Q: 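Sharing a structure here in structure tokens format.
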2 protein chains.
Amino acid sequence: MTDLLPPIQSTARDDAVLKALAGFVRQEALGPGEKLPTERILAERLKVSRNTVREALTRWEGLGLVERRQGSGTYLKAAVSPDMLHMPLTLAGGNDFAGLMRTLEIRRALEAEAAALCAVRAGKDEIAEIKRKLDIMEEAFHTRAGMSSEEDWEFHQSIYRASGNPLFEQIISAMHELFHRFWEHPLGVRDFGHASFPYHRTIFDCIAAHDPEGARAEALKLIATVEDDLKRGAANLKLSDRR
Amino acid sequence: MTDLLPPIQSTARDDAVLKALAGFVRQEALGPGEKLPTERILAERLKVSRNTVREALTRWEGLGLVERRQGSGTYLKAAVSPDMLHMPLTLAGGNDFAGLMRTLEIRRALEAEAAALCAVRAGKDEIAEIKRKLDIMEEAFHTRAGMSSEEDWEFHQSIYRASGNPLFEQIISAMHELFHRFWEHPLGVRDFGHASFPYHRTIFDCIAAHDPEGARAEALKLIATVEDDLKRGAANLKLSDRR
DNA sequence: GTGGTTCAATGGTCCAACCAATTTCTGCAT
DNA sequence: ATGCAGAAATTGGTTGGACCATTGAACCAC
């Protein structure tokens with residue numbers, strides 16, 4: 001009963017600026033990479049101070065929606081729409097082992113669900129596309145004799161896309177980036193990801209057979225191998241830390 | 001709190017301001033809810049313009065790290081540390097039935113995992129806290145003869161917190177907000193959420209018994225009831241649409 | 001105590017410059 | 001005409017100062 005009567009805010013100018021800008025972007029059908037009006041122009045058109053415009057743009061910049069280049073202009077970096085939800089994820093504690101494990105816990109939950117949904121919903125075209133990515137990945141694995149992050153990631157992304165829910169790709173991508181931000185070099189484990197290789201095909205087989213629970217189980221096995229690799233790497237680090 | 005906050009130089013001012021502020025927060029051991037120096041003080045100490053300080057704080061505000069209250073001050077909203085990873089994620093949500101179902105798919109995956117992890121990791125204190133929220137929720141249910149969004153949500157949040165992984169709360173909260181943005185009124189279903197009531201206690205029982213798979217199963221049942229309610233609501237809408 | 005009033009502190013907005021990086025234009029040499 | 005160096009314009013970044021709106025505390029009258 002208290003939830004009605006939301007607090008009013010007479011001062012919300014920069015918010016209003018962003019709303020207006022979002023509307024403008026939609027009307028002009030601006031896409032990523034395109035340049036949007038000068039701060040001075042915006043200030044004049046919206047009848048607000050340039051300072052206010054800047055604070056609004058600073059928010060968008062912090063959210064990664066926009067990129068400013070001094071002397072050049074302000075450019076869109078992502079698609080924006082008036083009804084957007086911003087979800088700033090903050091992973092404190094930094095680049096330690098626990099941080100990596102936390103991203104993996106999220107990914108384990110979502111990866112399994114996405115694989116299951118994909119097995120239910122994927123049509124012929126989607127399955128063919130996943131198989132294509134799988135073949136490329138396996139090819140790279142055999143020629144280079146090791147896991148290839150790039151092709152591996154592409155394979156997984158094709159599954160998320162075929163899940164019919166774009167949120168999976170968005171959130172798992174965020175976890176993936178968070179993960180790779182402090183894992184440029186595989187912690188001293190030479191064959192990192194090697195153990196996960198066979199499960200890529202078993203996941204695909206389950207998807208192709210429209211077996212959601214099988215796909216879920218195989219996805220969980222895959223993540224488990226990554227967690228094991230990570231733990232091995234952490235153990236290595238601990239040992240070599242006594243240098 | 002005098003000699004901290006040394007002056008700033010060179011470009012990338014606002015970034016430097018944030019780094020200095022993060023260091024200050026750590027050295028002063030400031031926690032959520034505490035007030036940090038006024039903009040004017042910061043500007044003077046850091047030897048930058050107040051405008052620059054404001055742009056920096058605007059970024060933190062956009063990331064949900066800080067809350068500004070006009071006439072009062074600027075307050076920490078979350079723990080911040082100098083080595084923090086920010087991953088702003090923007091979700092383009094469609095405000096239709098399918099959009100609601102998509103948020104539920106994410107929540108189903110994460111809710112189950114969080115409940116399972118909680119069952120493994122929750123200590124005595126966390127379990128007591130969850131029980132407290134459960135009691136409050138059940139009390140509200142019986143007195144008001146219906147589900148109470150607020151108390152229900154608090155109960156779930158206490159589980160996420162006890163999962164030992166803050167990402168669960170962050171992501172599910174985003175889904176929750178996305179969900180409630182187009183569901184102010186329960187789609188014509190009078191007793192929305194009613195069916196989910198008993199599962200709150202079964203989930204708690206499994207957690208208290210440190211039974212992860214049981215907790216996972218009960219959480220899945222709970223989400224299933226919400227999905228059913230949603231489908232009923234959608235059916236209602238379709239019928240009443242022929243007005 | 002209760003309920004206003006005053007007043008200082010604080011965030012929000014505005015303005016008018018100037019700085020720094022970039023882009024564009026200009027004009028000279030070839 | 002062409003190519004290129006330098007000047008000029010454009011644009012985001014920063015500064016300092018001013019004023020407004022809100023908050024909270026101290027104060028006062030009842």
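In the text below, chain A, chain B and the rest are named by the order of the sequence lines, each starting its count at 1. All figures in this text were calculated on a predicted structure; none of them were measured in a lab.
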Q: Could you check how far CZ of Arg69(A) sits from C1' of dA21(C), rounded to whole Å?
A: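 Those two atoms, CZ and C1', are 12 Å apart.
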
Q: Can you give me the bend angle of the helix from dG1(C)-dC30(D) to dT30(C)-dA1(D)? Use the axis through the first five pairs and the one through the last five, nearest 10 degrees.
A: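 Rounded value for the end-axis angle: 10°.
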
Q: Do Arg107(B)'s NZ or CZ and the ring of Phe179(B) fall within the cation-pi criteria of under 6.0 Å and 45°?
A: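 Not flagged: Arg107(B) not positioned over aromatic ring of Phe179(B).
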
Q: Could you tell me how far apart Asp14(A) (CG) and dG11(C) (P) are, to the nearest whole angstrom?
A: 15 Å

Q: Mind listing the closest non-hydrogen atom pair of Ala78(B) and Pro32(B) along with its distance?
A: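 Looks like C-CG, 4.0 Å.
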
Q: Can you list everything that forms a salt bridge (Lys or Arg N to Asp or Glu O under 4.0 Å) with Glu113(A)? Sequence neighbours excluded, please.
A: Arg216(A), Arg108(B)

Q: With sequence neighbours excluded, tell me which residues meet side chain to side chain donor-acceptor pair (under 3.5 Å) with Arg50(A).
A: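 So Arg50(A) forms a side chain to side chain donor-acceptor pair (under 3.5 Å) with Glu39(A).
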
Q: Between Ser72(A) and Gly73(B), who's closer to the 5' end of DNA chain C by nearest nucleotide?
A: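 Here Gly73(B) is the residue nearer the 5' end.
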
Q: For dC14(C), does either OP1 or OP2 sit under 4.0 Å from a side-chain N or O belonging to Arg13(A)?
A: yes

Q: Judged by modelled atom types alone, do Tyr160(A) and Gln170(A) share a side-chain donor-acceptor pair under 3.5 Å?
A: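 Short answer, no.
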
Q: List for me each residue that meets salt bridge (Lys or Arg N to Asp or Glu O under 4.0 Å) alongside Glu61(A), sequence neighbours excluded, and say none if there are none.
A: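 Applying salt bridge (Lys or Arg N to Asp or Glu O under 4.0 Å) to Glu61(A) gives Arg68(A), Arg59(B).
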
Q: Whole-Å distance between dT22(D) C1' and Gln70(B) CD?
A: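 Spelled out: CD on Gln70(B) to C1' on dT22(D) is 5 Å.
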
Q: Measure the acute angle between the ring planes of Trp153(A) and His176(A), then classify it against the limits of 30° and 60° as parallel, tilted or perpendicular.
A: parallel

Q: Please tabulate, for side-chain N and O atoms in residues 133-140 of chain B, each donor-acceptor pair with protein atoms closer than 3.5 Å (sequence neighbours left out).
A:
from	atom 1	to	atom 2	distance (Å)
Lys133(B)	NZ	Glu154(B)	OE1	2.7
Asp135(B)	OD1	Lys131(B)	NZ	3.4
Asp135(B)	OD2	Lys131(B)	NZ	3.4
Glu138(B)	OE1	Arg201(B)	NH2	3.0
Glu138(B)	OE2	Arg201(B)	NE	2.9

Q: Could you identify which residues of residues 35-66 of chain A place a heavy atom less than 4.0 Å from some atom of DNA chain D, listed by residue number, or say none?
A: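 Thr38(A), Glu39(A), Arg40(A), Arg50(A), Arg54(A), in order of number.
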
